[in-house]
Amino acid sequence: MRAYALVMVTMFLFAGNYIVGKVAADAVPPLTLTWLRTLIGVILVTTFYWKKIRMVKRQLIDGWRPLVGMAATGIVMFPAFSYLALHYTTTINASIMESLTPAVTIFIGAVFLKEKYGLSQLIGVGISLTGVAYIISKGSFARLLSLEFNSGDLIMIGAVISWAIYSTLVNIYGYRLPLFGSLFGILVIGNVMVMIAAFLFEWSQGRFITDWSMPIITSILYTGLFPSFLALLSWNMAVAEIGPAKATIFINLLPFATAILSLLFLQEKITVDQVIGGAIVLTGIYFTTRVKGGRKPGYKPR
């Protein structure tokens, strides 16, 4: 029961990330925001778990390759794409697009890992892709053919692919690495990566934070405390108990959690296209995640 509660909390923390990301989107460049949230995450995990981290230093050094992959996809690319997308699309659209992640993860597993899936999972992938197409085309087949999409929705596809690859890496290597140590490792490596990227693409061009008002500062602190630290921690703990297959199902809650928070804090309206497209996506995800599965052997929090 605790694991399911942790996953539900994680979804609302991730949904809140879209809200604060939307608030900070115009004032904070996306790579800079990603660097700041990761830096805060590093400080927090180091402060609270340094003794445990020191105990598993050798394991982290030996497992540096998967940590680099997880850092690049989950810590750098996913949030950077997400924050960039929020310059051009709504928080609700972004969360609906992210709910495609389980289907994309299954696709990656089938193509690159040669994993076998049933007919219902394959049908679900097709349904989910149809839902995404409906969202970004706003229900217009002619718009789909002319490729006149919301650029933010298309950017979010990059975020979805990044998180799907990250989830796949966690599924393969996560149980081999200590929980708090691996979180520290990917945050530190990701922080260095995104700092270099921010320097090359933003700071060198004079793109810095343009607003240091309290809402912006609060948004930055939120992204560091919740998505980069507490959400990742609670997600990993939940996956350790119930396994990735069952935990992934709860991503279906993300659009609804984001819609609720968007109505409360941003006064964004929910359109008919979003409702229909989101329903199609969720239907497809239901089929793709309707699999039996528990934890991987040996996968436990340490």
Side-chain angles (χ1 to χ4, degrees), residues 7 10-11 14 63-82 84-85 94-133 135-136 153-177 182 185-186 189-190 193 227 231-232 235-236 238-240 242-255 280-297 299:
V7 178
T10 301
M11 289 303 102
F14 280 160
W64 68 269
R65 289 182 179 84
L67 289 177
V68 169
M70 287 186 275
T73 53
I75 305 301
V76 179
M77 297 172 65
F78 171 72
F81 277 129
S82 299
L84 181 60
S95 66
I96 292 175
M97 297 294 290
E98 188 178 345
S99 68
L100 183 66
T101 303
V104 177
T105 303
I106 285 179
F107 175 79
I108 290 175
V111 174
F112 297 100
L113 302 180
K114 308 303 180 184
E115 294 184 1
K116 303 297 182 180
Y117 299 101
L119 180 61
S120 63
Q121 281 81 46
L122 299 179
I123 292 174
V125 170
I127 295 174
S128 295
L129 291 175
T130 301
V132 172
I135 293 169
I136 62 179
D153 295 334
L154 296 177
I155 293 171
M156 271 304 299
I157 293 178
V160 166
I161 294 173
S162 299
W163 190 257
I165 295 173
Y166 169 78
S167 299
T168 301
L169 292 173
V170 170
N171 198 7
I172 297 172
Y173 299 104
Y175 72 96
R176 305 179 188 178
L177 301 170
S182 62
I186 63 176
I189 296 171
M193 287 181 173
L232 282 179
W235 176 263
N236 289 346
V239 170
I242 62 177
K246 291 182 180 179
T248 301
I249 294 173
F250 284 80
I251 292 180
N252 297 354
L253 293 173
L254 191 58
I280 297 173
V281 170
L282 293 179
T283 300
I285 289 175
Y286 168 75
F287 283 100
T288 58
T289 57
R290 194 177 60 178
V291 295
K292 296 180 180 180
R295 76 189 75 178
K296 279 178 171 285
Y299 187 51

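- Atom OH of Y166 sits about 5.5 Å away from atom CD1 of I75, to the nearest 0.5 Å.
- Here A159 pairs with F78, F81, S82, M156 under the side chain to side chain contact (heavy atoms under 4.5 Å, CB included) rule; sequence neighbours left out.
- The environment of CZ in F14 is crowded: more than 12 heavy-atom neighbours from other residues, nucleotides or ligands sit within 6.0 Å.
- Between atom OG1 of residue T73 and atom CD1 of residue I186 there is a gap of 8.5 Å, rounded to the nearest 0.5 Å.
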Carefully, step by step, assess M77 and I161 under the rule side-chain contact (heavy atoms from CB on, under 4.5 Å).
-> CA-CA 9 Å; M77 297 172 65; I161 294 173; over 6 Å; no

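- The shortest side-chain heavy-atom distance between I189 and M70 does not fall under the 4.5 Å cut-off.
- Taking both residues in full, the closest heavy atoms of L232 and P227 are given as CG-O, 3.5 Å, listed atom of the first, atom of the second, then distance.
- In plain terms, the two heavy atoms of M97 and D153 that are nearest each other are CE-O, 3.3 Å.
- Contact check for I157 versus V104: no side-chain heavy atoms found under the 4.5 Å cut-off.
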